[in-house]
Amino acid sequence: MTHIGRPYDKKSKKITIKKDDSVDAVVAYLQHKLRIRFVVPQFYVGNDDHGIHDIDTSINWLIQDLRSRKIGGIYLPNTRWFAGEEDKAENLQRFVVQLAGLADVYVNDAFGSWQPHASTYHIAKYLPSYAGLCLQDELYHVKSVLQPTRPFVAIVAGAKYDTKIGPLTEIYKKVDHLILGGVIYNTYLCAKYGVKIKGVQESDIELARGLVEQDRTERKIVELPFLVESDTLEEREEGRYRTINIEDFAAGTEYNYVVDIDPLSFEVDPCKGVLSSAKTIFVNAVMGLMPLFWHGTSKMDAVIDQNISAQKFLGGGDTLQEFKSLHPKLYHEALHSPKYYLFTGGGTVLKVIEEGDPYGLEIVKALIENKASSQHDYKNHHHYSNGHAC
Ligand SMILES: Nc1ncnc2c1ncn2[C@@H]1O[C@H](COP(=O)(O)OP(=O)(O)OP(=O)(O)O)[C@@H](O)[C@H]1O
Ligand SMILES: O=C(O)[C@H](O)COP(=O)(O)O
């Protein structure tokens with residue numbers, strides 16, 4: 001089982017089920033790699049925008065098939081399609097108990113899913129639970145980000161403003177320089193310069209004011225001066241996008257969508273100097289709206305790579321995906337280079353830097369606590385279990 005995307009809207013509390021967020025691609029990859037057949041069960045979806053309410057008993061047929069080796073595995077639909085996954089009350093309890101009934105053991109290998117949800121946290125109370133090999137490796141390496149050789153530069157960009165702005169104020173205290181991009185930078189610029197950028201919410205700008213205040217005296221935020229403004233998010237059409245300079249910002253000016261950092265920003269100081277003298281660089285950054293506006297991200301990756309003495313940590317689902325697509329050769333070299341480490345989760349690394357301790361993550365604490373009591377729980381659990389090890 002896994003999360004894909006963000007089908008649950010925290011504001012409206014609605015779940016949107018669309019093919020783009022299905023587990024099909026994951027299942028196809030696993031089938032190809034493992035040479036076994038997985039089945040994705042179909043569950044009833046109500047028409048109340050609350051996704052799938054229950055894992056119904058039809059799954060028992062598949063469990064029979066698994067036991068009799070007719071199939072090699074069962075892969076649940078996107079766990080964020082279930083009403084209980086991000087719920088806090090009854091739906092959560094209901095879903096956790098149903099999940100626990102499917103298996104004998106729980107292994108969490110999803111470093112990127114740091115938030116305590118039903119399938120990432122609460123389930124550990126019901127089953128003997130363990131950290132997977134990838135999770136263990138990530139927790140081991142994240143310690144190096146906590147004890148960086150200085151100067152330490154963090155680059156944070158992308159779209160997940162809501163979960164990343166909180167950690168940023170703590171991270172700010174720990175880095176020598178902070179570079180922002182994507183939606184996070186747009187919001188910061190609106191808060192600092194009083195400009196309006198299409199798509200940036202007033203409530204989000206309010207949250208960014210703290211960061212602006214924090215930076216007034218210490219000046220750790222390295223501003224990227226050249227941005228790409230586009231009239232549309234749908235296409236990259238000549239004449240409908242242009243480079244703007246933050247030096248021209250005046251309070252009250254309204255801009256269209258800011259969709260990328262102009263690559264030139266990475267070729268001039270202060271950014272160029274900061275990146276070339278850093279000894280540790282952490283990157284959770286897709287600088288532009290993909291797949292159309294990739295130029296800023298590509299330039300950033302190339303400039304970082306030129307600093308051969310720095311220890312480089314890249315983290316994030318999209319951050320790695322784009323790194324691989326934009327620089328396939330470098331990506332493969334980085335996988336084996338002692339100068340690089342690639343984390344599957346970016347927000348998770350930010351959370352660890354904020355907490356100061358990888359074992360402080362709730363999903364990890366749940367595994368550690370469960371270990372102490374797993375023998376006991378395992379015996380008690382058996383009345384739930386009709387399943388197979390997952
Ligand atoms: N200016 C922008 N406007 C809109 N979307 C943007 C902009 N800049 C980047 N993005 C989008 O941000 C997304 C990546 O951000 P996200 O925070 O999800 O990163 P991630 O590497 O997947 O990190 P995590 O592991 O924390 O999920 C990309 O899909 C990209 O299209
Ligand atoms: O699937 C997850 O858990 C994500 O990678 C992190 O969660 P978010 O999309 O809510 O930030």
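Counting starts at 1 for both ligands and their atoms, following the listed order. Residues take their numbers from the sequence shown, with the count starting at 1.
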TODO: Would you kindly say whether Y193 and E223 are connected by a side-chain donor-acceptor distance under 3.5 Å?
DONE: yes
Open item on the list: Is there a polar contact between ligand 1 and G315, counting only N or O atoms under 3.5 Å apart?
Closed with: no
TODO: Decide yes or no for K174 and E354: does some side-chain heavy atom of the first lie under 4.5 Å from some side-chain heavy atom of the second?
DONE: no
- [ ] Mark the output for G112 as yes if a heavy-atom distance to ligand 1 is under 4.0 Å, and as no if none is.
- [x] no
Open item on the list: For a quick check under 3.5 Å, do D54 and Y44 share a side-chain donor-acceptor pair by atom type?
Closed with: no
- [ ] Please say whether A159 places an N or O atom under 3.5 Å from an N or O atom belonging to ligand 1.
- [x] yes
Open item on the list: Heavy atoms only, cut-off 4.0 Å: how does V258 contact ligand 1, side chain, backbone, both, or neither?
Closed with: backbone
Task: Atoms of ligand 1, numbered as shown, that sit under 4.0 Å from any heavy atom of V286 - done: 8 (N), 9 (C), 14 (C), 30 (C)
TODO: Decide whether N284 and K164 meet the rule of one side-chain donor and one side-chain acceptor closer than 3.5 Å.
DONE: yes
Open item on the list: Could you work out, with side-chain hydrogen bond (donor to acceptor under 3.5 Å, both in side chains) as the rule, every residue matching K339, not counting sequence neighbours?
Closed with: none
Open item on the list: Closer than 4.0 Å to some heavy atom of G317 - which atoms of ligand 1 meet that?
Closed with: 20 (P), 21 (O), 22 (O), 25 (O)
- [ ] Give the residue, atom name and distance (to 0.1 Å) of the protein heavy atom nearest atom 3 (N) of ligand 1.
- [x] V183 CG2, 3.8 Å
Open item on the list: If the cut-off is 4.0 Å to any non-hydrogen atom of N284, which atoms of ligand 1 fall inside it?
Closed with: 20 (P), 21 (O), 23 (O)
Open item on the list: I want to check something: taking the side chain as every heavy atom from C-beta on, are I155 and I304 in contact at a cut-off of under 4.5 Å?
Closed with: yes
Open item on the list: With the threshold set at under 4.0 angstrom, would you say Q321 reaches ligand 1 through any of its heavy atoms?
Closed with: no
TODO: Give the numbers and elements of all ligand 1 atoms closer than 4.0 Å to a heavy atom of G345.
DONE: 25 (O)
Task: Partner of D231 under side chain to side chain contact (heavy atoms under 4.5 Å, CB included), chosen from R240, K198, E237 - done: R240
Task: Under 3.5 Å: donor-acceptor pair, side chain of N307, backbone of A310 - done: yes
Task: Where ligand 1 meets K164 - atom numbers and elements under 4.0 angstrom, heavy-atom basis - done: 16 (P), 17 (O), 19 (O), 23 (O), 24 (P), 26 (O)
Open item on the list: For atom 31 (O) of ligand 1, which of the options K351, M290, K160 provides the nearest non-hydrogen atom?
Closed with: M290
Open item on the list: In the structure I gave you, are the side-chain heavy atoms of H117 and Y8 within less than 4.5 Å of one another anywhere?
Closed with: no
Open item on the list: Below 4.0 Å, non-hydrogen atoms only: which portion of V259 touches ligand 1? Side chain, backbone, both or neither.
Closed with: backbone
Open item on the list: I'd like to know if the side chain of E85 pairs up with that of H3 as donor and acceptor (distance under 3.5 Å, no hydrogens or angles considered).
Closed with: yes
Task: Distance from atom 6 (C) of ligand 1 to nearest protein heavy atom, with residue and atom - done: L289 CA, 3.9 Å
Task: Short N or O distance, T319 and ligand 1, threshold 3.5 Å exclusive - done: yes
Task: Nearest candidate to atom 10 (N) of ligand 1, where distance is taken over non-hydrogen atoms, out of G346, G288, G296, A157 - done: G288
Open item on the list: Below the 3.5 angstrom mark, is there an N/O of G347, backbone or side chain, next to an N/O of ligand 1?
Closed with: yes
- [ ] Assess the pair F313 and F282: is the distance between their ring centroids shorter than 6.0 Å?
- [x] no
Open item on the list: Is it the case that the side chains of E218 and Y172 hold a donor-acceptor pair, with the cut-off being a distance below 3.5 Å and no angle test?
Closed with: no
- [ ] Please work out which of the three classes, parallel, tilted or perpendicular, describes the rings of F323 and H327, given edges at 30° and 60°.
- [x] tilted
Open item on the list: Among V258, L233, V228, which residue satisfies the side chain to side chain contact (heavy atoms under 4.5 Å, CB included) criterion with L289?
Closed with: L233
- [ ] Select all protein residues for which some heavy-atom-to-ligand 2 distance is less than 4.0 Å, and list them by chain and number.
- [x] H3, R6, R80, G112, S113, Q115, K160, T163
Open item on the list: Check for me whether the distance between the ring centres of F249 and Y255 falls short of 6.0 Å.
Closed with: yes
Open item on the list: So, regarding D318 and ligand 1 (criterion: nitrogen or oxygen to nitrogen or oxygen, under 3.5 Å), is there a contact or not?
Closed with: yes
Open item on the list: Below a 4.0 angstrom heavy-atom separation, can you tell me which part of M287, side chain or backbone, both or neither, approaches ligand 1?
Closed with: backbone
